**Student:** 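Take a look at this one; I'll ask things after.
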Amino acid sequence: MPLHIVRADITTLSVDAIVNAANESLLGGGGVDGAIHRAAGPELLVECRTLHGCKTGEAKITSGYLLPAKHVIHTVGPIWSGGNDGEENLLRACYRNSLNLAVENGCESVAFPLISSGVYGYPKAAALNVAVSEISGFLFSHDDLLVYIVVFDKRGFEIGQTLQNDVQAYIDQNYVDEHEMLYARSQLLFCAPMPSAPPPMAAQPCMSADTFMDEELVAFNDLDELDDLDDFVLDEGFSEMLLRKIDERGMTDPECYKKANVDRKLFSKIKSNKDYKPSKVTAIAFAIALELSIDETDELLMKAGYALSHSNMFDVIIEYFIKNEKYDIFEINDTLFKYDQVLLG
Ligand code: APR
């Protein structure tokens, strides 16, 4: 996948370039600027002095010195003053100019902090949305570049309060944590034998705990009814269903896999191998990109060998968004991040 959102200290990343959220003097400061200068050593400042500053929205490159990264790209984000002073365009320019500079210098991997979202006061969720949308747009025509957005701290990561209340209410109603699952399982395995069950079955569980937890009991096919395997017609696989849904939605393949933030190579693998089984997160990312209903999502996941489970917080959050037809991947990631879950894309 060309774009990853990770939580780390950017000064520790071994990438071709890390981006510094600097100020116009380029002579260091606090926050990530201070951390980068401390980790790079004094030679970074010596080189920065030769650059004679940097305008807001622009970017300049230096060596990385003692950092694991080869280069540092210094860019200056806008100071937030309410959002009506061109801040978003300047912030977008920071990402675009930094990415262009990275490509011009042969970088194949770049890591960004959330520019302007610290001292400069840009709201973090909005800053993340700008970063993801600007970088994703750039990657449409540079999908060999690997980009990381490094989120340093969860603190202050706001998601809409209404959304937060809705999601929390949904989790409270549906999330069955492991403890409850184990308790339910322990109760089920020693339930009274079914009256019709012959003696050997008496000690068997009357039904599996997992079945008990499913909202609908799955009607098991009685395979004895089938004369032979030829009668057992195989459904379309994950790949076939994915391609069918892309056609039904009137999307092109690139539109779909880029909206799902899945890289071209992985998509080609899935497309060329009808038995290919992607990861659960990738399968869900496609469901979101295709804006599938919960039933279609369940069907697509099942073809990859997965199911949404109420004992999995990630699944419950995904189910909330799909059931409420909220397919904004940034909003979903904000929420997943808030609950310390793996992010989509
Ligand atoms: N790794 C990754 N991200 C970090 C790190 C780190 N080591 N340290 C801080 N951050 C994050 C912050 O949590 C914030 O989300 O970087 C983001 C940007 O915050 P700032 O560093 O405060 O940068 P910014 O908001 O753009 O303000 C720039 O602050 O440090 C001074 O000299 C800098 O004057 C300039 C101003």
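Start at 1 and go down the list; that is how both ligands and their atoms are numbered. Given the structure is predicted, the values throughout are model-derived calculations rather than measurements. Any value given below was found using the heavy atoms of this structure, including those in side chains, with hydrogens, waters and symmetry copies removed.
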**Student:** Could you tell me which atoms of ligand 1, counted from 1 in the order shown, lie closer than 4.0 angstrom to a heavy atom of Gly31?
**Tutor:** 21 (O), 30 (O)
**Student:** For ligand 1, find out whether one of its N or O atoms is nearer than 3.5 Å to an N or O atom of Ile10.
**Tutor:** yes
**Student:** Strictly below 4.0 Å, N to O, side chains only: are Arg244 and Glu248 in salt-bridge contact?
**Tutor:** yes
**Student:** Taking both backbone and side-chain atoms of Ile115, is any N or O found less than 3.5 Å from an N or O belonging to ligand 1?
**Tutor:** no
**Student:** Regarding atom 19 (O) of ligand 1: of the candidates Gly29, Gly118, Gly77, which has the closest heavy atom?
**Tutor:** Gly118
**Student:** Less than 3.5 Å between some nitrogen or oxygen of Gly121 and one of ligand 1, yes or no?
**Tutor:** no
**Student:** Closest by any non-hydrogen atom to atom 35 (C) of ligand 1: pick that one out of Tyr122, Tyr120, Trp80.
**Tutor:** Tyr120
**Student:** Under 3.5 Å between some N or O of ligand 1 and some N or O of Val32?
**Tutor:** yes
**Student:** Looking at CG of Leu99 and CD of Glu134, how far apart are the two atoms once the value is rounded to the nearest 0.5 Å?
**Tutor:** 8.0 Å
**Student:** Tell me the contacting part of Ala127 for ligand 1: side chain, backbone, both, or neither, using a 4.0 Å heavy-atom threshold, strictly below.
**Tutor:** neither
**Student:** Measuring from atom 30 (O) of ligand 1, which candidate in Pro78, Gly28, Ala35, Gly30 has the nearest non-hydrogen atom?
**Tutor:** Gly30
**Student:** Output all residues satisfying side chain to side chain contact (heavy atoms under 4.5 Å, CB included) with Gln341, sequence neighbours left out; order by chain, then residue number.
**Tutor:** Met313, Phe314, Ile317, Leu336, Tyr339
**Student:** Do ligand 1 and Ser116 have nitrogen or oxygen atoms that lie under 3.5 Å from each other?
**Tutor:** yes
**Student:** Is there a donor-acceptor pair under 3.5 Å between the side chain of Glu47 and the backbone N or O of Ser63?
**Tutor:** yes
**Student:** Can you check whether Phe138 and Tyr95 have ring centres sitting under 6.0 Å from each other?
**Tutor:** no
**Student:** Please list, in number order, the atoms of ligand 1 under 4.0 Å from a heavy atom of Asp9.
**Tutor:** 1 (N), 6 (C), 7 (N)
**Student:** Please confirm whether the backbone N or O of Thr56 pairs with a side-chain atom of Glu24, one donor and one acceptor, at under 3.5 Å?
**Tutor:** yes
**Student:** Sort and list the pairs that fulfil salt bridge (Lys or Arg N to Asp or Glu O under 4.0 Å) and have at least one residue in residues 62-87, not counting sequence neighbours.
**Tutor:** Asp16-Lys70
